[in-house]
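Proteins come first, then strands; the chains are lettered A, B, ... in the order of their sequence lines, and each starts at number 1.
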Amino acid sequence: MKALHTCVYLDNVEEAAKAALLMRMVGYRAVVVEKSSKYNEIADVFRDAGLNVYPRCTIRVRRAQEIPLRASEARRSGCRVVAVVPESEEAMRYSARDYRVDIIVFRPGFAKLLDSSQARLHRMGGGYVEIDLSPILSSDDFAALRSLSVAIRRAVAYNVPAIVASCVKSAWDIVAPKSLEALVTLLGVHPNHAKMLVYHAPWAMIREAVRKR
Amino acid sequence: MNDIILLVLLAILACLAAYSIHVSRRASETARLLLGRLSVIEKRVSRLESSMLAALESHEAVEKARILKKKRRRRYVATIILYDGRLPPDPRRLQDELRKAIVTLAGEVGYADARPAIVYYDPVRGVAIIRTNHLAINVVLAALPLIKRVGDTRVRVIPIRTCGTLRSAKRAIGVIEEVPSRAA
């Protein structure tokens with residue numbers, strides 16, 4: 001199954017070359033790369049490896065009033081995907097509603113906000129919650145396991161549109177989508193929902209993001 | 001004449017009052033009888049419900065026992081081994097790291113269930129095939145990213161394909177040539 005990787009934070013062209021080959025081998029067909037000073041070279045490396053590339057901007061927001069302005073600025077600067085890291089509950093709710101935001105990065109402690117009202121807000125705004133499993137997979141920080149598993153289960157239970165990913169900062173951080181799907185299944189989610197979170201939801205997010213432009 | 005009429009009226013009233021008292025007593029007795037029968041029916045229904053639940057549980061237990069009887073199908077995970085350094089990792093140490101990763105994720109019971117084994121290892125190509133069973137495949141796939149080091153060597157085990165036979169797993173990693181399909 002073809003997969004799309006939604007968070008690649010690389011700023012080294014050599015690492016990007018290794019990462020591109022590896023991603024192509026494990027089944028990724030497109031990547032969303034964080035915009036940096038070397039974005040164009042990195043994007044060329046991924047395209048040469050046969051992967052589609054979409055630029056992403058991540059903004060940290062504490063107050064809801066900042067979101068429309070900063071998200072619009074990010075879009076104008078050429079980012080196809082706008083991701084918000086909310087630092088307050090108000091920011092998380094508002095960014096779900098805002099059509100300019102494509103991804104809301106899940107933070108531990110906000111699992112209780114993944115409920116039916118959040119799902120309704122996402123239907124208004126069209127964004128997705130990104131649940132990053134790299135704390136468990138890359139750094140063996142199992143303290144985060146409980147909050148991440150609760151978040152995934154709540155997202156499935158309340159139909160909150162969500163993406164499960166493992167963010168990449170170097171070629172060594174790449175995790176095969178099969179392993180992600182297996183881990184999500186082990187956390188208590190039905191295999192069909194796990195496939196949806198890992199494979200289908202990222203493509204749906206990108207289609208929505210491209211349509212919004 | 002008026003006294004007679006009054007007496008007749010009083011008699012009628014008295015009869016009516018007696019009749020209404022009789023009717024209300026009969027009604028309350030009937031209500032008490034009906035409540036008694038209702039409580040009996042309620043007890044029978046709750047007994048029926050508990051016996052149905054017990055039957056369902058025993059049916060589930062029988063189903064589970066039947067599943068335990070089923071043979072576990074083997075699964076072969078074709079993987080690529082990436083390593084940092086000149087020498088590839090030792091397969092026995094890699095097996096130990098796999099064991100530690102599965103125990104971290106699913107415990108000793110999960111490891112015993114999965115019983116993973118590296119059945120093919122090619123250090124030159126940097127590929128390996130891990131055997132497990134169909135019920136524990138998710139445990140093995142989820143544990144592979146947790147293998148980060150074998151000794152001092154940084155290592156990454158990346159699953160490429162899960163197959164039902166060793167032959168198809170070898171084909172997936174390019175050890176055996178693919179059989180060309182015949183055009184219709």
Side-chain angles (χ1 to χ4, degrees), chain A residues 1-3 5 14-15 17-28 132-146 148-149 152 164-195 197-198, chain B residues 75-85 89 97-98 100-107 109-111 113-114 116 125-130 132-150 152-164 169 172-174:
Chain A
M1 240 186 273
K2 298 181 189 81
H5 201 298
E14 284 165 11
E15 275 300 310
K18 290 182 207 167
L21 282 171
L22 205 49
M23 282 184 165
R24 179 81 196 176
M25 223 183 311
V26 300
Y28 287 108
D132 179 17
L133 295 183
S134 58
I136 307 169
L137 296 172
S138 302
S139 54
D140 287 348
D141 178 19
F142 288 101
L145 182 62
R146 169 134 182 91
L148 291 171
S149 70
I152 291 171
V164 168
S166 175
C167 292
V168 161
K169 293 194 173 99
S170 74
W172 290 96
D173 293 336
I174 291 169
V175 175
K178 281 186 209 298
S179 295
L180 274 180
E181 183 198 333
L183 184 57
V184 172
T185 309
L186 277 185
L187 293 177
V189 170
H190 193 276
N192 288 356
H193 284 126
K195 280 195 174 78
L197 291 171
V198 174
Chain B
R75 291 285 181 266
Y76 297 89
V77 183
T79 62
I80 288 179
I81 314 284
L82 298 174
Y83 55 93
D84 205 7
E97 291 299 322
L98 179 60
K100 278 185 211 164
I102 294 178
V103 167
T104 304
L105 205 57
V109 173
Y111 177 74
D113 246 356
R125 285 172 193 251
V127 294
I129 298 176
I130 299 170
T132 179
N133 60 68
H134 75 288
L135 292 173
I137 184 67
N138 283 331
V139 172
V140 171
L141 284 174
L144 290 178
L146 300 180
I147 302 171
K148 295 194 183 61
R149 282 191 180 275
V150 174
D152 294 326
T153 315
R154 196 157 59 153
V155 156
R156 206 69 174 160
V157 182
I158 296 175
I160 300 297
R161 201 181 295 176
T162 304
C163 307
I173 50 176

Any L137(A) side-chain heavy atom under 4.5 Å of K148(B) side chain: no
Proximal component of V140(B), with respect to chain A [non-hydrogen, under 4.5 Å]: neither
Heavy-atom pair of closest approach, residues W172(A) and R156(B): O-NE, 2.7 Å
Among L144(B), I80(B), N138(B), which residue has the highest count of heavy-atom pairs closer than 4.5 Å to chain A? N138(B)
Using non-hydrogen atoms and a 4.5 Å limit, figure out which bit of L105(B) sits close to chain A: side chain, backbone, both or neither. side chain
Using heavy-atom distances under 4.5 Å, tell me whether L180(A) contacts chain B through its side chain, its backbone, both, or neither. neither
Any residue of residues 187-195 of chain A which, by heavy atoms, sits under 4.5 Å from chain B: none
Could you tell me whether a side-chain N or O of S179(A) sits under 3.5 Å from a main-chain N or O of L141(B), the two making a donor and an acceptor? yes
Kindly state each residue pair satisfying salt bridge (Lys or Arg N to Asp or Glu O under 4.0 Å) with at least one member in residues 17-27 of chain A, sequence neighbours excluded. E15(A)-K18(A)
In terms of heavy-atom pairs under 4.5 Å, which option from A142(B), P159(B), G110(B) contacts chain A the most? A142(B)
Name of the residue among V175(A), D173(A), I136(A) meeting side chain to side chain contact (heavy atoms under 4.5 Å, CB included) with P145(B): V175(A)
Here the gap from K178(A) atom NZ to T79(B) atom OG1, rounded to the nearest 0.5 Å, amounts to 12.5 Å
Let me know if I160(B) has heavy atoms under 4.5 Å from chain A in its side chain, its backbone, both or neither. both
Taking the side chain as everything from C-beta on, heavy atoms only, tell me whether M25(A) gets closer than 4.5 Å to I158(B). no
